[in-house]
2 protein chains.
Amino acid sequence: MQSMESRGSNNTETVTSRLRELIMDGTLPQGEKVTETGLAALLQVSRTPVRLALAALEQEDLVRGAPNRGFHVRRFTIDDMRDILDVRATLEGMAARLAAEKGLTGDEEAQLRSCIEDLGALIATGHHDQPAFRAFSAINIRFHTHIARIAGNAELIRLMERNPFRSAPLLHILPAEEGLQVLRESQRDHIRLLEAILQGQGTRAEFLMREHALLPLSKATQLFDHINTNTAMRSNQKAG
Amino acid sequence: MQSMESRGSNNTETVTSRLRELIMDGTLPQGEKVTETGLAALLQVSRTPVRLALAALEQEDLVRGAPNRGFHVRRFTIDDMRDILDVRATLEGMAARLAAEKGLTGDEEAQLRSCIEDLGALIATGHHDQPAFRAFSAINIRFHTHIARIAGNAELIRLMERNPFRSAPLLHILPAEEGLQVLRESQRDHIRLLEAILQGQGTRAEFLMREHALLPLSKATQLFDHINTNTAMRSNQKAG
DNA sequence: ACAGAGAAGATTGCATGCAATCAATGGAAA
DNA sequence: TTTCCATTGATTGCATGCAATCTTCTCTGT
(Lines give C-alpha, C1' and ligand atoms only; values in the text may rest on other atoms or scores of the structure.)
Protein backbone atom coordinates (compact mmCIF):
# COMPACT_ATOMS: atom_id res chain seq x y z
CA MET A 1 0.00 0.00 0.00
CA GLN A 2 2.03 2.93 -1.20
CA SER A 3 1.44 6.33 0.22
CA MET A 4 -0.67 8.94 -1.49
CA GLU A 5 2.22 11.37 -1.58
CA SER A 6 4.28 11.21 -4.71
CA ARG A 7 7.24 13.19 -3.46
CA GLY A 8 10.17 11.82 -1.59
CA SER A 9 10.84 11.92 2.09
CA ASN A 10 11.16 15.62 2.70
CA ASN A 11 10.00 17.54 5.68
CA THR A 12 6.90 18.98 4.11
CA GLU A 13 5.43 15.55 3.43
CA THR A 14 6.14 14.24 6.87
CA VAL A 15 4.65 17.37 8.40
CA THR A 16 1.57 17.00 6.23
CA SER A 17 1.08 13.38 7.19
CA ARG A 18 1.69 14.10 10.82
CA LEU A 19 -0.80 16.95 10.87
CA ARG A 20 -3.36 14.83 9.08
CA GLU A 21 -3.01 12.19 11.75
CA LEU A 22 -3.21 14.72 14.55
CA ILE A 23 -6.45 15.99 13.12
CA MET A 24 -8.06 12.67 12.30
CA ASP A 25 -7.31 11.11 15.67
CA GLY A 26 -8.59 14.13 17.50
CA THR A 27 -5.34 15.28 19.04
CA LEU A 28 -6.00 18.59 17.38
CA PRO A 29 -9.60 19.19 18.41
CA GLN A 30 -12.17 20.30 15.88
CA GLY A 31 -12.38 24.04 15.59
CA GLU A 32 -8.97 24.44 17.19
CA LYS A 33 -7.13 27.48 15.99
CA VAL A 34 -3.74 26.48 14.61
CA THR A 35 -0.96 28.89 13.78
CA GLU A 36 2.07 28.39 11.60
CA THR A 37 4.26 29.43 14.48
CA GLY A 38 2.60 27.16 16.97
CA LEU A 39 2.74 24.09 14.77
CA ALA A 40 6.30 24.85 13.75
CA ALA A 41 7.27 24.90 17.40
CA LEU A 42 5.25 21.76 18.12
CA LEU A 43 6.79 19.79 15.27
CA GLN A 44 10.28 21.23 15.58
CA VAL A 45 10.50 22.59 12.06
CA SER A 46 10.45 26.05 10.60
CA ARG A 47 7.33 27.78 9.39
CA THR A 48 7.97 27.00 5.73
CA PRO A 49 7.08 23.29 5.64
CA VAL A 50 4.19 23.95 8.03
CA ARG A 51 2.92 26.58 5.68
CA LEU A 52 3.00 24.18 2.75
CA ALA A 53 1.40 21.43 4.78
CA LEU A 54 -1.44 23.69 5.86
CA ALA A 55 -2.03 24.71 2.26
CA ALA A 56 -2.27 21.04 1.31
CA LEU A 57 -4.62 20.22 4.16
CA GLU A 58 -6.75 23.19 3.25
CA GLN A 59 -7.23 21.67 -0.18
CA GLU A 60 -8.23 18.42 1.49
CA ASP A 61 -10.63 20.52 3.55
CA LEU A 62 -9.25 19.31 6.85
CA VAL A 63 -8.33 22.82 7.91
CA ARG A 64 -9.84 26.10 6.87
CA GLY A 65 -8.08 29.40 6.69
CA ALA A 66 -9.06 33.03 6.72
CA PRO A 67 -6.84 35.65 5.11
CA ASN A 68 -4.30 36.97 7.57
CA ARG A 69 -6.07 35.18 10.35
CA GLY A 70 -4.61 31.74 10.25
CA PHE A 71 -6.28 28.36 10.16
CA HIS A 72 -8.61 26.34 12.30
CA VAL A 73 -9.30 22.62 12.24
CA ARG A 74 -12.43 21.82 10.32
CA ARG A 75 -15.50 20.97 12.32
CA PHE A 76 -17.15 17.82 11.04
CA THR A 77 -20.84 18.03 11.61
CA ILE A 78 -23.00 14.98 11.22
CA ASP A 79 -24.16 16.43 7.91
CA ASP A 80 -20.58 16.79 6.71
CA MET A 81 -19.95 13.14 7.37
CA ARG A 82 -23.10 12.10 5.57
CA ASP A 83 -22.11 14.19 2.55
CA ILE A 84 -18.61 12.77 2.47
CA LEU A 85 -19.78 9.20 2.79
CA ASP A 86 -22.45 9.72 0.15
CA VAL A 87 -19.86 10.92 -2.32
CA ARG A 88 -17.54 8.13 -1.36
CA ALA A 89 -20.29 5.57 -1.88
CA THR A 90 -21.00 6.96 -5.32
CA LEU A 91 -17.36 6.86 -6.36
CA GLU A 92 -16.81 3.38 -4.95
CA GLY A 93 -19.96 2.27 -6.74
CA MET A 94 -18.59 3.64 -9.98
CA ALA A 95 -15.37 1.73 -9.43
CA ALA A 96 -17.25 -1.51 -8.82
CA ARG A 97 -19.35 -1.02 -11.92
CA LEU A 98 -16.32 -0.31 -14.10
CA ALA A 99 -14.53 -3.33 -12.68
CA ALA A 100 -17.50 -5.55 -13.45
CA GLU A 101 -17.85 -4.19 -16.96
CA LYS A 102 -14.18 -4.63 -17.62
CA GLY A 103 -13.81 -8.14 -16.29
CA LEU A 104 -11.09 -9.61 -14.12
CA THR A 105 -7.81 -11.20 -15.06
CA GLY A 106 -6.93 -14.36 -13.17
CA ASP A 107 -4.44 -12.46 -11.11
CA GLU A 108 -6.89 -9.75 -10.17
CA GLU A 109 -9.46 -12.32 -9.13
CA ALA A 110 -6.85 -14.08 -7.01
CA GLN A 111 -5.96 -10.86 -5.23
CA LEU A 112 -9.57 -10.15 -4.35
CA ARG A 113 -10.06 -13.71 -3.20
CA SER A 114 -7.04 -13.44 -0.97
CA CYS A 115 -8.59 -10.42 0.72
CA ILE A 116 -11.74 -12.42 1.35
CA GLU A 117 -9.75 -15.35 2.68
CA ASP A 118 -7.74 -13.15 5.00
CA LEU A 119 -10.83 -11.50 6.37
CA GLY A 120 -12.45 -14.89 6.80
CA ALA A 121 -9.47 -16.09 8.78
CA LEU A 122 -9.58 -12.97 10.90
CA ILE A 123 -13.24 -13.43 11.69
CA ALA A 124 -12.65 -17.11 12.47
CA THR A 125 -10.29 -16.14 15.26
CA GLY A 126 -13.23 -14.51 16.97
CA HIS A 127 -11.04 -11.67 18.14
CA HIS A 128 -12.72 -8.32 18.42
CA ASP A 129 -10.08 -6.07 19.86
CA GLN A 130 -8.16 -3.09 18.57
CA PRO A 131 -5.45 -5.08 16.72
CA ALA A 132 -8.12 -7.16 15.01
CA PHE A 133 -9.86 -4.01 13.86
CA ARG A 134 -6.63 -2.57 12.55
CA ALA A 135 -6.02 -5.76 10.62
CA PHE A 136 -9.54 -5.56 9.23
CA SER A 137 -8.96 -1.99 8.18
CA ALA A 138 -5.85 -2.99 6.25
CA ILE A 139 -7.63 -5.84 4.48
CA ASN A 140 -10.60 -3.66 3.71
CA ILE A 141 -8.42 -0.97 2.18
CA ARG A 142 -6.64 -3.60 0.12
CA PHE A 143 -9.92 -4.91 -1.25
CA HIS A 144 -11.24 -1.50 -2.18
CA THR A 145 -7.96 -0.32 -3.61
CA HIS A 146 -7.78 -3.38 -5.81
CA ILE A 147 -11.20 -2.76 -7.21
CA ALA A 148 -10.34 0.85 -7.91
CA ARG A 149 -7.22 -0.24 -9.75
CA ILE A 150 -9.14 -2.83 -11.71
CA ALA A 151 -11.59 -0.13 -12.72
CA GLY A 152 -8.57 1.58 -14.21
CA ASN A 153 -9.75 5.18 -13.97
CA ALA A 154 -6.85 7.28 -12.72
CA GLU A 155 -8.98 10.27 -11.81
CA LEU A 156 -11.30 8.06 -9.79
CA ILE A 157 -8.38 6.60 -7.86
CA ARG A 158 -7.06 10.07 -7.21
CA LEU A 159 -10.32 11.32 -5.75
CA MET A 160 -10.87 8.23 -3.64
CA GLU A 161 -7.42 8.54 -2.15
CA ARG A 162 -8.18 12.10 -1.15
CA ASN A 163 -11.47 11.32 0.58
CA PRO A 164 -11.15 12.37 4.21
CA PHE A 165 -12.58 9.12 5.54
CA ARG A 166 -10.80 6.85 3.12
CA SER A 167 -8.63 5.12 5.65
CA ALA A 168 -10.63 3.92 8.55
CA PRO A 169 -14.02 2.37 9.11
CA LEU A 170 -13.44 3.87 12.52
CA LEU A 171 -14.30 0.66 14.25
CA HIS A 172 -12.27 1.43 17.32
CA ILE A 173 -15.00 3.67 18.62
CA LEU A 174 -17.66 0.98 18.50
CA PRO A 175 -18.48 -1.51 21.23
CA ALA A 176 -16.44 -4.61 20.50
CA GLU A 177 -19.36 -6.90 19.80
CA GLU A 178 -20.85 -4.47 17.34
CA GLY A 179 -17.46 -4.13 15.69
CA LEU A 180 -17.29 -7.85 15.07
CA GLN A 181 -20.73 -7.66 13.54
CA VAL A 182 -19.42 -5.04 11.12
CA LEU A 183 -16.65 -7.42 10.11
CA ARG A 184 -19.16 -10.12 9.30
CA GLU A 185 -21.38 -7.79 7.30
CA SER A 186 -18.39 -6.50 5.38
CA GLN A 187 -17.30 -10.01 4.55
CA ARG A 188 -20.75 -10.86 3.23
CA ASP A 189 -20.71 -7.69 1.11
CA HIS A 190 -17.26 -8.43 -0.23
CA ILE A 191 -18.25 -11.94 -1.27
CA ARG A 192 -21.35 -10.73 -3.06
CA LEU A 193 -19.35 -7.96 -4.71
CA LEU A 194 -16.78 -10.35 -6.08
CA GLU A 195 -19.57 -12.56 -7.33
CA ALA A 196 -21.25 -9.68 -9.12
CA ILE A 197 -18.00 -8.48 -10.63
CA LEU A 198 -17.04 -11.96 -11.79
CA GLN A 199 -20.39 -12.32 -13.52
CA GLY A 200 -20.05 -8.94 -15.16
CA GLN A 201 -23.10 -7.56 -13.36
CA GLY A 202 -22.11 -3.90 -13.40
CA THR A 203 -25.27 -2.39 -11.99
CA ARG A 204 -25.56 -4.98 -9.25
CA ALA A 205 -21.93 -4.46 -8.31
CA GLU A 206 -22.43 -0.69 -8.27
CA PHE A 207 -25.34 -0.79 -5.89
CA LEU A 208 -23.90 -3.50 -3.70
CA MET A 209 -20.85 -1.32 -3.31
CA ARG A 210 -22.91 1.76 -2.56
CA GLU A 211 -24.69 0.00 0.24
CA HIS A 212 -21.44 -1.42 1.49
CA ALA A 213 -19.75 1.96 1.52
CA LEU A 214 -22.68 3.45 3.41
CA LEU A 215 -22.37 0.89 6.15
CA PRO A 216 -20.43 3.27 8.39
CA LEU A 217 -23.13 5.90 8.01
CA SER A 218 -25.36 4.28 10.58
CA LYS A 219 -22.48 4.59 12.98
CA ALA A 220 -21.76 8.18 12.13
CA THR A 221 -23.76 9.58 14.99
CA GLN A 222 -21.78 7.55 17.47
CA LEU A 223 -18.58 8.65 15.79
CA PHE A 224 -19.74 12.22 15.99
CA ASP A 225 -20.42 11.99 19.70
CA HIS A 226 -17.11 10.26 20.22
CA ILE A 227 -15.09 12.95 18.54
CA ASN A 228 -16.91 15.67 20.41
CA THR A 229 -16.46 14.14 23.82
CA ASN A 230 -12.87 13.43 22.91
CA THR A 231 -12.42 17.05 21.93
CA ALA A 232 -14.05 18.30 25.09
CA MET A 233 -11.87 15.98 27.14
CA ARG A 234 -8.66 17.27 25.68
CA SER A 235 -9.77 20.85 25.98
CA ASN A 236 -10.43 20.27 29.63
CA GLN A 237 -7.06 18.65 30.04
CA LYS A 238 -5.44 21.73 28.66
CA ALA A 239 -7.53 24.02 30.79
CA GLY A 240 -6.81 22.00 33.93
CA MET B 1 -20.03 32.98 -10.09
CA GLN B 2 -17.70 33.37 -7.17
CA SER B 3 -14.23 31.98 -7.34
CA MET B 4 -13.22 28.66 -5.91
CA GLU B 5 -10.56 30.24 -3.76
CA SER B 6 -11.66 31.07 -0.29
CA ARG B 7 -8.76 33.31 0.58
CA GLY B 8 -8.53 37.00 -0.10
CA SER B 9 -6.71 38.73 -2.89
CA ASN B 10 -3.15 37.82 -2.08
CA ASN B 11 -0.40 37.06 -4.49
CA THR B 12 -0.48 33.33 -4.06
CA GLU B 13 -4.08 33.07 -5.23
CA THR B 14 -3.56 35.27 -8.25
CA VAL B 15 -0.45 33.33 -9.17
CA THR B 16 -2.35 30.06 -8.82
CA SER B 17 -5.19 31.26 -11.01
CA ARG B 18 -2.83 32.71 -13.55
CA LEU B 19 -0.83 29.50 -13.78
CA ARG B 20 -3.99 27.46 -14.09
CA GLU B 21 -5.04 29.60 -17.01
CA LEU B 22 -1.63 29.39 -18.64
CA ILE B 23 -1.81 25.62 -18.46
CA MET B 24 -5.40 25.17 -19.54
CA ASP B 25 -5.13 27.48 -22.54
CA GLY B 26 -1.93 25.83 -23.67
CA THR B 27 0.40 28.77 -23.17
CA LEU B 28 2.44 26.45 -21.00
CA PRO B 29 2.68 23.41 -23.24
CA GLN B 30 2.03 19.94 -21.90
CA GLY B 31 5.12 18.30 -20.56
CA GLU B 32 6.86 21.66 -20.27
CA LYS B 33 9.33 21.78 -17.46
CA VAL B 34 8.54 24.67 -15.16
CA THR B 35 10.84 25.96 -12.46
CA GLU B 36 10.06 28.10 -9.48
CA THR B 37 12.68 30.55 -10.56
CA GLY B 38 11.48 30.74 -14.13
CA LEU B 39 7.84 31.26 -13.20
CA ALA B 40 8.79 33.76 -10.54
CA ALA B 41 10.62 35.78 -13.15
CA LEU B 42 7.79 35.39 -15.64
CA LEU B 43 5.11 36.52 -13.21
CA GLN B 44 7.22 39.14 -11.47
CA VAL B 45 6.90 37.72 -7.99
CA SER B 46 9.26 35.96 -5.67
CA ARG B 47 9.60 32.20 -5.49
CA THR B 48 7.45 31.87 -2.39
CA PRO B 49 3.99 32.40 -3.89
CA VAL B 50 5.04 30.41 -6.96
CA ARG B 51 6.04 27.57 -4.71
CA LEU B 52 2.66 27.58 -2.98
CA ALA B 53 0.83 27.84 -6.28
CA LEU B 54 2.71 24.87 -7.70
CA ALA B 55 1.90 22.83 -4.63
CA ALA B 56 -1.78 23.64 -5.11
CA LEU B 57 -1.71 22.81 -8.79
CA GLU B 58 0.04 19.57 -8.02
CA GLN B 59 -2.90 18.59 -5.85
CA GLU B 60 -5.20 19.45 -8.72
CA ASP B 61 -2.95 17.25 -10.82
CA LEU B 62 -2.27 19.96 -13.37
CA VAL B 63 1.46 19.82 -12.74
CA ARG B 64 3.55 16.96 -11.49
CA GLY B 65 6.71 17.22 -9.50
CA ALA B 66 9.68 15.05 -8.82
CA PRO B 67 11.70 15.49 -5.62
CA ASN B 68 14.40 18.07 -6.08
CA ARG B 69 13.78 18.07 -9.79
CA GLY B 70 11.03 20.58 -10.19
CA PHE B 71 7.72 20.31 -11.94
CA HIS B 72 6.42 19.70 -15.41
CA VAL B 73 3.01 20.44 -16.86
CA ARG B 74 0.84 17.37 -16.89
CA ARG B 75 0.35 15.63 -20.21
CA PHE B 76 -3.31 14.96 -20.85
CA THR B 77 -3.65 11.85 -22.91
CA ILE B 78 -6.95 11.00 -24.51
CA ASP B 79 -7.40 8.37 -21.79
CA ASP B 80 -6.85 10.95 -19.08
CA MET B 81 -9.60 13.08 -20.52
CA ARG B 82 -11.98 10.17 -20.75
CA ASP B 83 -11.28 9.27 -17.12
CA ILE B 84 -11.81 12.81 -15.93
CA LEU B 85 -15.02 13.25 -17.88
CA ASP B 86 -16.31 9.88 -16.69
CA VAL B 87 -15.84 10.89 -13.08
CA ARG B 88 -17.33 14.26 -13.75
CA ALA B 89 -20.37 12.67 -15.37
CA THR B 90 -20.87 10.42 -12.37
CA LEU B 91 -20.65 13.29 -9.90
CA GLU B 92 -22.92 15.53 -11.96
CA GLY B 93 -25.35 12.65 -12.24
CA MET B 94 -25.33 12.27 -8.48
CA ALA B 95 -26.06 15.97 -8.11
CA ALA B 96 -29.00 15.75 -10.49
CA ARG B 97 -30.42 12.74 -8.70
CA LEU B 98 -30.13 14.39 -5.30
CA ALA B 99 -31.73 17.55 -6.64
CA ALA B 100 -34.62 15.57 -8.05
CA GLU B 101 -35.11 13.61 -4.85
CA LYS B 102 -35.00 16.75 -2.78
CA GLY B 103 -37.36 18.83 -4.87
CA LEU B 104 -37.11 22.45 -5.90
CA THR B 105 -38.23 25.60 -4.15
CA GLY B 106 -39.92 28.15 -6.34
CA ASP B 107 -36.82 30.27 -6.32
CA GLU B 108 -34.56 27.41 -7.34
CA GLU B 109 -36.87 26.50 -10.19
CA ALA B 110 -36.87 30.11 -11.34
CA GLN B 111 -33.11 30.24 -11.39
CA LEU B 112 -32.85 27.11 -13.52
CA ARG B 113 -35.54 28.44 -15.84
CA SER B 114 -33.66 31.68 -16.24
CA CYS B 115 -30.61 29.73 -17.38
CA ILE B 116 -32.71 27.97 -19.97
CA GLU B 117 -34.25 31.24 -21.10
CA ASP B 118 -30.87 32.91 -21.41
CA LEU B 119 -29.46 30.05 -23.42
CA GLY B 120 -32.55 30.07 -25.61
CA ALA B 121 -32.08 33.76 -26.28
CA LEU B 122 -28.44 33.18 -27.09
CA ILE B 123 -29.25 30.43 -29.57
CA ALA B 124 -31.96 32.59 -31.11
CA THR B 125 -29.39 35.19 -32.07
CA GLY B 126 -27.79 32.57 -34.28
CA HIS B 127 -24.35 33.78 -33.36
CA HIS B 128 -21.67 31.16 -33.28
CA ASP B 129 -18.52 33.06 -32.57
CA GLN B 130 -16.12 33.18 -29.65
CA PRO B 131 -18.12 35.68 -27.53
CA ALA B 132 -21.25 33.59 -27.99
CA PHE B 133 -19.40 30.51 -26.80
CA ARG B 134 -18.06 32.35 -23.79
CA ALA B 135 -21.58 33.45 -22.95
CA PHE B 136 -22.76 29.86 -23.31
CA SER B 137 -20.01 28.68 -21.04
CA ALA B 138 -21.10 31.12 -18.35
CA ILE B 139 -24.74 30.08 -18.60
CA ASN B 140 -23.81 26.42 -18.59
CA ILE B 141 -21.71 26.79 -15.48
CA ARG B 142 -24.54 28.68 -13.80
CA PHE B 143 -26.98 25.88 -14.57
CA HIS B 144 -24.73 23.13 -13.31
CA THR B 145 -23.64 25.06 -10.25
CA HIS B 146 -27.27 25.66 -9.31
CA ILE B 147 -28.08 21.98 -9.52
CA ALA B 148 -25.08 21.13 -7.37
CA ARG B 149 -26.20 23.68 -4.80
CA ILE B 150 -29.73 22.35 -4.84
CA ALA B 151 -28.36 18.87 -4.24
CA GLY B 152 -26.91 20.36 -1.10
CA ASN B 153 -23.92 18.07 -0.69
CA ALA B 154 -20.93 20.21 0.25
CA GLU B 155 -18.37 17.51 -0.51
CA LEU B 156 -19.87 16.99 -3.93
CA ILE B 157 -19.67 20.69 -4.70
CA ARG B 158 -16.07 20.75 -3.56
CA LEU B 159 -15.03 17.92 -5.83
CA MET B 160 -16.88 19.30 -8.82
CA GLU B 161 -15.21 22.65 -8.41
CA ARG B 162 -11.83 20.98 -8.47
CA ASN B 163 -12.43 18.98 -11.63
CA PRO B 164 -9.83 20.03 -14.18
CA PHE B 165 -12.36 20.46 -16.96
CA ARG B 166 -15.04 22.10 -14.88
CA SER B 167 -14.92 25.46 -16.50
CA ALA B 168 -15.05 25.12 -20.22
CA PRO B 169 -16.89 22.97 -22.69
CA LEU B 170 -13.89 23.97 -24.79
CA LEU B 171 -16.08 25.05 -27.64
CA HIS B 172 -13.60 27.49 -29.03
CA ILE B 173 -11.66 24.69 -30.62
CA LEU B 174 -14.60 23.37 -32.58
CA PRO B 175 -15.71 24.50 -36.03
CA ALA B 176 -18.28 27.21 -35.50
CA GLU B 177 -21.21 25.31 -36.98
CA GLU B 178 -20.53 22.30 -34.82
CA GLY B 179 -20.26 24.58 -31.81
CA LEU B 180 -23.73 25.91 -32.41
CA GLN B 181 -24.98 22.36 -32.62
CA VAL B 182 -23.51 21.72 -29.19
CA LEU B 183 -25.45 24.69 -27.86
CA ARG B 184 -28.70 23.25 -29.20
CA GLU B 185 -28.04 19.81 -27.77
CA SER B 186 -27.16 21.29 -24.42
CA GLN B 187 -30.34 23.28 -24.36
CA ARG B 188 -32.39 20.19 -25.09
CA ASP B 189 -30.59 18.31 -22.29
CA HIS B 190 -31.12 21.17 -19.86
CA ILE B 191 -34.83 21.28 -20.57
CA ARG B 192 -35.24 17.56 -20.08
CA LEU B 193 -33.18 17.71 -16.93
CA LEU B 194 -35.32 20.41 -15.40
CA GLU B 195 -38.39 18.40 -16.32
CA ALA B 196 -37.06 15.28 -14.67
CA ILE B 197 -36.00 17.16 -11.56
CA LEU B 198 -39.35 18.91 -11.29
CA GLN B 199 -41.13 15.59 -11.47
CA GLY B 200 -38.87 14.07 -8.86
CA GLN B 201 -37.51 11.49 -11.29
CA GLY B 202 -34.16 10.96 -9.65
CA THR B 203 -32.86 8.09 -11.73
CA ARG B 204 -33.93 9.72 -14.98
CA ALA B 205 -32.29 12.98 -13.97
CA GLU B 206 -29.12 11.13 -13.03
CA PHE B 207 -28.74 9.41 -16.35
CA LEU B 208 -29.80 12.41 -18.39
CA MET B 209 -27.08 14.34 -16.64
CA ARG B 210 -24.52 11.63 -17.20
CA GLU B 211 -25.15 11.68 -20.90
CA HIS B 212 -25.14 15.44 -20.92
CA ALA B 213 -21.83 15.63 -19.11
CA LEU B 214 -20.31 13.13 -21.52
CA LEU B 215 -21.25 15.28 -24.47
CA PRO B 216 -17.76 16.79 -24.70
CA LEU B 217 -16.23 13.32 -24.77
CA SER B 218 -16.96 12.84 -28.44
CA LYS B 219 -15.03 16.03 -29.02
CA ALA B 220 -12.12 14.98 -26.86
CA THR B 221 -10.10 13.60 -29.70
CA GLN B 222 -10.33 16.89 -31.53
CA LEU B 223 -9.41 18.72 -28.36
CA PHE B 224 -6.49 16.40 -27.91
CA ASP B 225 -5.18 17.06 -31.38
CA HIS B 226 -5.73 20.77 -30.92
CA ILE B 227 -3.70 20.95 -27.74
CA ASN B 228 -0.92 18.93 -29.26
CA THR B 229 -0.63 21.00 -32.40
CA ASN B 230 -0.89 24.09 -30.24
CA THR B 231 1.92 22.80 -28.08
CA ALA B 232 4.06 21.92 -31.09
CA MET B 233 3.42 25.36 -32.57
CA ARG B 234 4.57 27.18 -29.50
CA SER B 235 7.59 24.96 -29.10
CA ASN B 236 8.55 25.80 -32.64
CA GLN B 237 8.04 29.49 -31.97
CA LYS B 238 10.45 29.27 -29.09
CA ALA B 239 12.94 27.27 -31.07
CA GLY B 240 12.79 29.74 -33.98
C1' DA C 1 -20.43 53.07 33.00
C1' DC C 2 -20.02 52.71 28.21
C1' DA C 3 -18.47 53.59 23.63
C1' DG C 4 -14.93 54.71 20.48
C1' DA C 5 -10.35 55.52 19.02
C1' DG C 6 -5.62 54.42 19.18
C1' DA C 7 -1.70 51.74 20.21
C1' DA C 8 0.49 47.40 21.04
C1' DG C 9 0.90 42.61 20.25
C1' DA C 10 0.40 38.73 17.36
C1' DT C 11 0.21 36.46 12.92
C1' DT C 12 0.33 35.98 8.23
C1' DG C 13 2.39 36.94 3.53
C1' DC C 14 6.41 37.60 0.98
C1' DA C 15 11.38 37.99 -0.14
C1' DT C 16 15.76 36.19 0.01
C1' DG C 17 20.03 33.65 1.65
C1' DC C 18 22.10 29.21 2.22
C1' DA C 19 22.78 24.41 2.03
C1' DA C 20 21.62 19.94 -0.02
C1' DT C 21 20.53 17.46 -4.02
C1' DC C 22 20.28 16.38 -8.79
C1' DA C 23 21.50 16.73 -13.81
C1' DA C 24 25.05 17.68 -17.15
C1' DT C 25 29.24 18.19 -18.97
C1' DG C 26 33.95 17.32 -19.60
C1' DG C 27 38.03 14.71 -19.06
C1' DA C 28 40.67 10.68 -18.31
C1' DA C 29 41.46 5.84 -18.66
C1' DA C 30 40.71 1.40 -20.86
C1' DT D 1 35.87 5.16 -29.33
C1' DT D 2 33.51 4.24 -25.24
C1' DT D 3 32.73 4.21 -20.41
C1' DC D 4 33.18 5.88 -15.88
C1' DC D 5 34.06 9.42 -12.57
C1' DA D 6 34.44 13.95 -10.93
C1' DT D 7 33.47 18.60 -11.07
C1' DT D 8 30.33 22.27 -12.18
C1' DG D 9 26.01 24.40 -12.76
C1' DA D 10 21.26 24.63 -11.77
C1' DT D 11 17.28 23.97 -8.80
C1' DT D 12 14.78 22.76 -4.99
C1' DG D 13 13.98 22.70 0.18
C1' DC D 14 14.26 25.14 4.30
C1' DA D 15 15.12 28.98 7.54
C1' DT D 16 14.49 33.51 8.77
C1' DG D 17 13.86 38.70 8.45
C1' DC D 18 10.66 42.33 7.46
C1' DA D 19 6.53 44.61 6.34
C1' DA D 20 1.47 44.55 6.17
C1' DT D 21 -2.67 43.29 8.40
C1' DC D 22 -5.67 41.86 11.88
C1' DT D 23 -7.02 41.48 16.81
C1' DT D 24 -7.26 43.05 21.20
C1' DC D 25 -6.51 45.71 25.02
C1' DT D 26 -6.38 50.12 27.03
C1' DC D 27 -7.23 54.78 27.65
C1' DT D 28 -9.91 58.76 27.00
C1' DG D 29 -14.10 61.31 26.46
C1' DT D 30 -18.96 61.68 27.03
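Given the structure is predicted, the values throughout are model-derived calculations rather than measurements. A, B, ... follow the sequence lines: proteins, then strands. Residue 1 opens every chain.
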- Message: Using side chain to side chain contact (heavy atoms under 4.5 Å, CB included), reason through Leu19(B) and Val63(B) one step at a time and then give a plain yes or no.
- Response: CA-CA 10 Å; Leu19(B) 280 181; Val63(B) 300; over 6 Å; no
- Message: Applying side chain to side chain contact (heavy atoms under 4.5 Å, CB included) to Ile150(A) and Leu112(A), what does each step give before you reach the verdict?
- Response: CA-CA 10 Å; Ile150(A) 293 165; Leu112(A) 290 180; 4.0 Å; yes
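The Val45(A) side chain lies nearest to dA15(D) when the options are dT12(D), dT12(C), dA15(D). Comparing dG13(C), dA15(D), dC14(C) against the side chain of Pro49(A) picks out dA15(D) as the nearest. Here the nucleotide nearest the side chain of Arg47(A), chosen from dA23(C), dC14(D), dG17(D), is dG17(D).
Here dT11(D) presents its C1' atom at 10 Å from CZ of Arg51(B), a figure rounded to the nearest Å. Spacing between atom CD of Gln44(B) and atom P of dC14(C) amounts to 16 Å, rounded to whole angstrom units. Regarding Asn11(B), its CG atom lies at a distance of 14 Å from the C1' atom of dA19(D), rounded to whole Å. Rounded to a whole Å, the CD atom of Glu36(B) is 15 Å from the P atom of dG17(C). The distance from atom CG of Leu52(A) to atom P of dC14(C) is 12 Å, rounded to the nearest whole Å. Taking atom CZ of residue Arg69(B) and atom P of nucleotide dA10(D), one finds them 18 Å apart after rounding to whole Å.
Not one side-chain nitrogen or oxygen of Thr35(B) sits closer than 4.0 Å to the OP1 or OP2 atom of dA10(D). Proximity of Thr37(A) to the phosphate of dA10(C): no side-chain N or O atom is located under 4.0 Å from OP1 or OP2.
Considering Arg149(A), Arg88(A), His212(A) as possible partners of His144(A), the one that fulfils the side-chain hydrogen bond (donor to acceptor under 3.5 Å, both in side chains) test is His212(A).
Remark: side-chain polar atoms of Gln30(B) are paired, donor with acceptor, to backbone N or O of Phe76(B) under 3.5 angstrom.
Where Thr48(B) and Val34(B) each meet DNA chain D at their nearest nucleotide, the meeting point lying more 5' is that of Val34(B).
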